[in-house]
Protein chains: 2
Amino acid sequence: MDASGKQRPTMADVAAKAGVSRALVSIIFRGQPGASEGTRERVLRVADEIGYRPDSAARLLARGRSRTLGVMFTVHQTFHADLIQGIYPEAERLGYDVLLSAAAPGRSEAKAAEALLSHRCEALILLGPDAEAAYLDGLGQRAATVSVSRRVPHARVDFVHSAEGKGVRQAMEYLVERGHRRMVHIDGGRGPGSAERRRAYRAAMRRHGLESEARVIAGEHTEESGIEAGRLLLAERNRGQALPTAVLAGNDRCAWGLLMALTRAGVDVPRDVSVVGYDDSHLSHLMPIGLTTVRQDAALMAQYAVRFAVERLENPELEPREAVLDPKLVVRGTTDTAPKTLT
Amino acid sequence: MDASGKQRPTMADVAAKAGVSRALVSIIFRGQPGASEGTRERVLRVADEIGYRPDSAARLLARGRSRTLGVMFTVHQTFHADLIQGIYPEAERLGYDVLLSAAAPGRSEAKAAEALLSHRCEALILLGPDAEAAYLDGLGQRAATVSVSRRVPHARVDFVHSAEGKGVRQAMEYLVERGHRRMVHIDGGRGPGSAERRRAYRAAMRRHGLESEARVIAGEHTEESGIEAGRLLLAERNRGQALPTAVLAGNDRCAWGLLMALTRAGVDVPRDVSVVGYDDSHLSHLMPIGLTTVRQDAALMAQYAVRFAVERLENPELEPREAVLDPKLVVRGTTDTAPKTLT
DNA sequence: TACACAGACTAGAGCGCGCTAGTAGAGCGC
DNA sequence: GCGCTCTACTAGCGCGCTCTAGTCTGTGTA
């Protein structure tokens with residue numbers, strides 16, 4: 001508006017125009033007591049008129065604290081999107097700002113994390129981090145740090161995850177009850193939670209006397225991985241080997257890929273093969289028949305992550321904590337009783 | 001390290017410990033000339049020892065400029081993930097920092113954008129914004145703003161998109177050449193680019209004398225939408241109506257949903273129905289047979305977006321510009337010649 | 001010897017805000 | 001009138017950095 005240029009207006013501008021001191025404007029914008037109703041309204045109106053917005057860099061510099069949470073996620077991980085969606089409201093509720101930084105092919109987690117730190121995030125929430133434990137511990141020393149889905153032993157890092165074992169167990173019980181015996185697991189490699197899921201799968205097979213049937217196909221938490229596993233199984237079938245009657249995928253993305261591969265090859269899911277995912281990422285309920293999956297409550301995990309971060313901020317001496325959320329098998333359309341075949 | 005507490009070390013600490021002035025440390029950290037090689041090394045070593053990291057809030061406050069680009073995206077839009085991945089390297093190349101802010105159910109685009117602005121982003125890159133043109137124009141007045149995929153007429157906003165018309169035309173030509181006549185379009189509602197795509201579809205149908213066959217099913221750029229359209233078509237078939245021989249989806253997510261719906265119902269793609277997507281988001285090549293789609297080069301679009309933002313920053317007087325990238329039909333496995341049926 | 005001049009370094013103001021320590025004035029009891 | 005409290009407000013320092021305008025050497029030149 002001013003001919004003076006496009007400089008962004010500051011608190012001083014608002015103060016001058018409203019005929020009060022800078023300090024009072026500050027008080028008003030922080031919602032503190034100490035200003036009369038009339039002045040408050042007038043100042044806010046003036047601020048609005050000249051388009052004033054608080055400068056969070058200055059604000060952040062002035063009060064020692066930034067009240068900002070940094071969230072590191074990985075591009076293309078749909079479950080991360082679910083988590084992010086849950087992080088915003090909880091952070092807002094507690095009066096914290098949220099900054100996002102993505103890891104991607106070509107952009108390491110370290111780079112993403114450093115960016116957050118240099119922007120003065122007080123706490124880091126790492127979604128399924130893949131970096132070395134030593135590095136993550138280092139982050140934990142520098143800021144309140146919460147890891148979601150990935151356990152980081154012996155590190156100053158809080159940990160939020162679902163009870164992977166329980167989830168897998170539920171899925172396996174469900175399948176066994178429905179007559180499945182030839183059940184394969186596509187694992188998630190070194191992805192978050194996959195070690196536990198793998199272990200639980202093996203334990204479940206053992207418990208039902210199916211050790212000889214147990215089979216883990218090495219995979220990842222990606223669609224590619226599911227497709228590849230599907231191709232592998234189909235190739236085996238073409239060589240005369242029987243398909244498994246059920247597949248427990250490492251996560252939903254993997255299940256999704258597998259599903260595509262099987263369905264496109266004319267395999268009927270769930271008639272011929274049952275498929276179970278893991279995550280209940282927002283896509284899972286979309287498919288016409290829906291993906292049977294183990295639900296991790298993203299919103300709740302997000303809430304815990306934010307609270308852990310904030311509580312650690314308020315009390316840095318806290319010992320690293322762990323939140324274990326109970327996952328829950330969500331039965332949809334990709335599972336059925338085992339096909340009647342001779343074993 | 002110090003018993004004095006966990007205060008994060010500042011430039012003054014480095015200066016004191018290295019026995020030089022704060023100013024010199026600043027010079028060194030900015031990589032400016034004016035310090036001897038020896039001092040430079042020593043200071044950097046000391047800084048490393050005490051774990052000093054520049055505080056970008058203070059830095060940003062001190063120099064007028066933040067050299068930070070704010071990127072607003074929508075959670076769960078896979079194509080946005082592709083774009084983000086492309087934005088980082090280009091921004092880094094030009095010496096800019098990147099901050100991300102997500103719009104999500106429950107978090108409006110305005111909120112996301114304001115967050116970026118208050119963190120002093122100098123420029124905004126909006127990925128497929130959905131807000132009102134007037135609001136976006138407002139943003140354009142306040143910061144260098146680039147919209148990707150969504151045209152914002154009469155607004156102070158640069159625009160990067162692909163030539164939607166061309167892409168659709170290529171797809172339609174391809175289908176017509178292969179004998180398709182009953183071709184349906186699932187549109188993207190008011191999603192970015194969908195108006196143009198819809199227009200181009202209609203024009204193509206007209207050009208081939210297929211006006212009477214033209215049909216647009218209202219949709220969105222989501223998997224749900226594709227599934228729903230699929231259900232609609234299947235329901236029609238069950239009432240005796242013929243399926244279309246080809247479907248042009250509003251984007252890849254929609255195509256993906258449609259594909260699931262059709263395949264699950266026993267419809268063979270591409271034998272019975274050909275499906276074409278739009279975006280070439282990173283999933284499209286994953287499916288076993290791959291999705292035939294119109295490629296928008298995400299990396300290139302990201303580059304343009306970043307450059308536009310930076311150039312506008314350097315020269316605010318610039319008239320709003322538009323980058324139109326040529327899309328390209330990528331033929332994969334979801335399209336085939338039209339089934340031989342009597343029309 | 002005097003003087004310019006480069007290179008290496010420093011003093012100190014100021015970025016926009018938060019916050020502590022105040023002040024001015026109204027209202028009240030005595 | 002005095003002291004007191006309470007509300008409404010203000011002065012001004014300091015957050016950690018950048019940047020302008022220096023100072024202080026040592027060296028080359030007349």
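Just so we're on the same page: letters track the sequence lines, and every chain starts at 1.
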Integer-rounded Å distance: D/dG16 P and B/Ile27 CD1: 20 Å
Whole angstrom value for the distance that separates P of D/dC17 from CZ of B/Arg53: 13 Å
Pairing of A/Lys111 and B/Glu92 as salt bridge, 4.0 angstrom limit: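 Yes, this pair counts.
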NZ/NE/NH1/NH2 to OD/OE distance under 4.0 Å, A/Glu90 and A/Arg93: yes
Whether A/Tyr304 and A/Phe308 hold their rings parallel, tilted or perpendicular, with breakpoints at 30° and 60°: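 Taking A/Phe308 first and then A/Tyr304, their aromatic rings stand perpendicular (interplane angle over 60°).
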5'-most by nearest nucleotide on DNA chain C - B/Gly19 or B/Arg22: B/Gly19
Residue met sooner reading DNA chain C from 5', once B/Leu61 and B/Arg40 are mapped to nucleotides: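 Looking at DNA chain C, the more 5' nearest nucleotide goes with B/Arg40.
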[N] phosphate, OP1 or OP2: any side-chain N/O from [X] under 4.0 angstrom?
X: A/Ser26; N: C/dC19; result: no
X: A/Thr10; N: C/dG16; result: no
X: B/Ser56; N: D/dC17; result: no

Nearest to the side chain of [X] - [options]?
X: A/Ala23; options: C/dC15, C/dC17, C/dC19; result: C/dC19
X: A/Leu24; options: D/dC9, C/dG16, D/dC17; result: D/dC9
X: B/Ser21; options: C/dC17, C/dA11, D/dT10; result: C/dA11

Partner nucleotide, any strand, of D/dG1 [Watson-Crick/G-U, under 3.5 Å]: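 Partner of D/dG1: C/dC30.
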